[in-house]
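Report on one structure; see the data block that follows.
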Protein chains: 2
Amino acid sequence: MDGGVRKTGVTSSQVAQRAGVSQSAVSRSFTPGASIAPETRAKVLAAAKELGYRPNAIARSLTTNRSRIVAVVMAYLDNLFYPDVLEQLGRLLAKEDYRLLLFTGLADGDSDPVFDQLMQYRVDGIVLASTSLSSALSEECAAAGIPVVLFNRTTERDAVSSVTTRNREGGRRVAEFLLAGGHERFGYIAGLESSSTNRDRLAGYREALAEAGHTEILIEVGNYDRAEAQAAARKLLTRPDRPDALFVANDHMAVAVMDVARFELGLSIPEDISIVGYDDVGPARWDAYGVTSMSQPHKRMVEATVEILMSQINSGEIEAEHRVFNGELVVRTSARLPASGVVEVEGRRVFRPGR
Amino acid sequence: MDGGVRKTGVTSSQVAQRAGVSQSAVSRSFTPGASIAPETRAKVLAAAKELGYRPNAIARSLTTNRSRIVAVVMAYLDNLFYPDVLEQLGRLLAKEDYRLLLFTGLADGDSDPVFDQLMQYRVDGIVLASTSLSSALSEECAAAGIPVVLFNRTTERDAVSSVTTRNREGGRRVAEFLLAGGHERFGYIAGLESSSTNRDRLAGYREALAEAGHTEILIEVGNYDRAEAQAAARKLLTRPDRPDALFVANDHMAVAVMDVARFELGLSIPEDISIVGYDDVGPARWDAYGVTSMSQPHKRMVEATVEILMSQINSGEIEAEHRVFNGELVVRTSARLPASGVVEVEGRRVFRPGR
DNA sequence: CTCCATAATGCATACGCATGCATTACCGAG
DNA sequence: CTCGGTAATGCATGCGTATGCATTATGGAG
């Protein structure tokens, strides 16, 4: 089970010998801004090329105490929102000369199980997408000087930064849209109930509905899972008092719900029921669904995430920073249109209720 | 731009001092199978816990010459096939106590740009999904003793293992299915033309059609991209001699094509045109699409990938291994049914032409 | 032509851990 | 009671790089 003899690579000393210089000179040749004569550097680079030398990032990390690796913990990869985020995250981190160590395959909620792994690799930063971290571990990170950014989740704890959108306002906006559309019976298909994102969206939705006199919301839980969302939809949509307006906590579940509504239950959308989702993710935009959905500006969110990381890594100051973005209700065909409030902005139809 | 003073973590020497033992003893306490007295180990672990010690994986890598990191290079994350693969890859690697370093955001074709990065981190293995590697670099890996596995691509080069399905046979099967359905005019929407996967699928398709006397295939190129595939579909489907049978190189493009066919061109599927895809990926199974598609057993493919990696890492023998799996044509509603050959297997309807 | 400031280079060491080797402790057999 | 064998432990060193410090080379000013 272990006979592997990995050939040890070319070292800086070997290059040094070849080039007739010291190991230090080799090191400096690969360090931007180091004090090294151009011709020496040229000699070194030539020798390095001949030998196929590449600096050993592992050894470098040992001395610099910087790994140039950012850990990303991500769940729900079957929700295209996250692969999108992942791809851009990888791109931006690469631009900053950082690598991305991915941890996946665990559920939402607590990332504690993988925490040891992260720490062992002395990552320079941590991004937790669609998941959170226990209070004890957050503080351990802060103590160790490792910046942590929650993506699309929040927590009240300090020392942990976050990047989110105004989910409460988003929920309100959805309610206003559905109310303006003249709907009467409101439903909600929840994500993971413990997630801040889900709680806030529901809170805003409920709030705005209550202000309009609608205090009853039919709720089922989908846990951000396609199959569970479909089961929830079956329950909700076969009731005698079936809602005529349904807010689904994200698009990943919304398209699943639409499949059930249309193909299992034979409902017409939006004639029989209006459906509004969240995220404005790929499939929601596809013609077969055309989900009316609260968009999240994920590009800017990822940019903010990387900005926070880089700033904290470079300054060494771990001060929790909370970036909150605005969403926009993108209007498509999955929900009845209100008489007014739908406007065209930058090629998209969005809902902006008049004041 | 750099004032960060990362607090250096707790070291094994500190733990040793605390526990009143040597640094070696601490190291051995964390090394399974090492010679260490149970009570000594207990003392060490206690001290380690008090101090919050975690072995430094970076330093360990330096001495063991093993990073326990596998690099994964992956393109097309917007095609759910790949996130699926990624998730499982992460899961299986974690089970083997390996970490996953992700490189993404680059196009199909050549992974050379990120190659330096990989090598600098002395990864123990490399998985190239939906992309390939130049011949020179492949050999460099082999020379360095780093196993490389191509996932869903092949190459004639030695020293590089691969995991694929029988794409040629898959293409044939699709052709047979469409022929059995009585179609007359055949089209193909290609993926990236330089990819082995695309070439093989088309070759099999063309071969089987030719055997049946159909030598003309209308071909447009979609490059595995949604927008390009839709543009290709518009061209192909507005021709006067529009095909009545269309094979699309993967499902990611197939659903895009269906959207164009149905919602832009008002075609009925499968009445006006039959569409067959490849991969049997998430959206293809959704009721709104119901794509008839060649499935790829991605779970087993990922398992094989990890098996190859582990075997080569542990043995140190880098001998190219090629694992080839069989697909199955899963029959849904996007293509006209043939009179015979569709059978029910394990809850799925598949096409298995009689001999 | 001399002298000094600066750039370039080498030397030596540290980073945190694993591991071969030597040493010590321990236990059972004779 | 002695001896040999094994388990447990410590010591010392190496892994490949970065970097502070000392030293040497260089070039320009006076």
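The sequence lines fix the lettering, A, B, ..., with proteins before strands; numbering per chain opens at 1.
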Quick one: closest heavy-atom pair of Pro83(A) and Leu77(A), and the distance?
CG-O, 3.3 Å
Can you measure [X] atom [atom1] to [N] atom [atom2] for me and round it to whole angstrom units?
{"X": "Glu39(A)", "N": "dA7(C)", "atom1": "CD", "atom2": "P", "answer": "15 Å"}
{"X": "Arg66(B)", "N": "dG16(D)", "atom1": "CZ", "atom2": "P", "answer": "15 Å"}
{"X": "Arg60(A)", "N": "dA14(C)", "atom1": "CZ", "atom2": "C1'", "answer": "17 Å"}
{"X": "Leu62(A)", "N": "dG16(C)", "atom1": "CG", "atom2": "P", "answer": "7 Å"}
{"X": "Asn65(B)", "N": "dG16(D)", "atom1": "CG", "atom2": "P", "answer": "7 Å"}
{"X": "Arg41(A)", "N": "dA7(C)", "atom1": "CZ", "atom2": "C1'", "answer": "16 Å"}

Ordered by number, residues from residues 47-56 of chain A within less than 4.0 Å of DNA chain C (heavy atoms) are none
Can you give each donor-acceptor pair under 3.5 Å made by side-chain atoms of residues 16-37 of chain A, sequence neighbours left out, with the distance rounded to 0.1 Å?
from, atom 1, to, atom 2, distance (Å)
Arg18(A), NE, Glu50(A), OE1, 3.1
Arg18(A), NH2, Glu50(A), OE1, 2.1
Ser22(A), OG, Ser24(A), N, 3.4
Ser22(A), OG, Ala25(A), N, 3.2
Gln23(A), NE2, Ser12(A), OG, 3.4
Ser29(A), OG, Ala25(A), O, 2.8
Thr31(A), OG1, Ser27(A), O, 2.8

Once side-chain hydrogen bond (donor to acceptor under 3.5 Å, both in side chains) is applied, do any residues pair with [X], and if so which ones, sequence neighbours excluded?
{"X": "Glu321(B)", "value": "Arg323(B)"}
{"X": "Tyr82(B)", "value": "Asn152(B)"}
{"X": "Arg54(B)", "value": "Asp116(A), Glu140(A)"}

Between Ala57(A) and Pro38(B), whichever has its closest DNA chain D nucleotide further toward 5' is Pro38(B)
Pick the closest DNA chain C nucleotide for Ala37(A) and for Ala59(A) by heavy atoms, then say which residue is nearer the 5' end.
Ala37(A)
Atom pairs and distances, side-chain donor-acceptor, residues 98-105 of chain B, under 3.5 Å, sequence neighbours left out:
from, atom 1, to, atom 2, distance (Å)
Arg99(B), NH1, Gln117(A), OE1, 2.5
Arg99(B), NH1, Asp97(B), OD1, 2.9
Arg99(B), NH2, Tyr121(A), OH, 3.4
Arg99(B), NH2, Asp97(B), O, 3.2
Thr104(B), OG1, Met74(B), O, 3.0

Phosphate oxygens OP1/OP2 of dG16(C): is one of them under 4.0 Å from a side-chain N or O of Ser12(B)?
no
For DNA chain D, which residues of residues 21-36 of chain A approach it to below 4.0 angstrom with any heavy atom?
Gln23(A), Ser24(A), Ser27(A), Arg28(A)
For residues 132-155 of chain A, pull every pair meeting ring-ring contact (aromatic ring centres under 6.0 Å, His included), keeping only residues two or more places apart or in separate chains.
none
Hits for salt bridge (Lys or Arg N to Asp or Glu O under 4.0 Å) against Glu319(A), two or more places apart or cross-chain, chain-then-number order -> none
For residues Arg153(A) and Thr197(A), is any side-chain donor paired with an opposing acceptor at under 3.5 Å?
yes
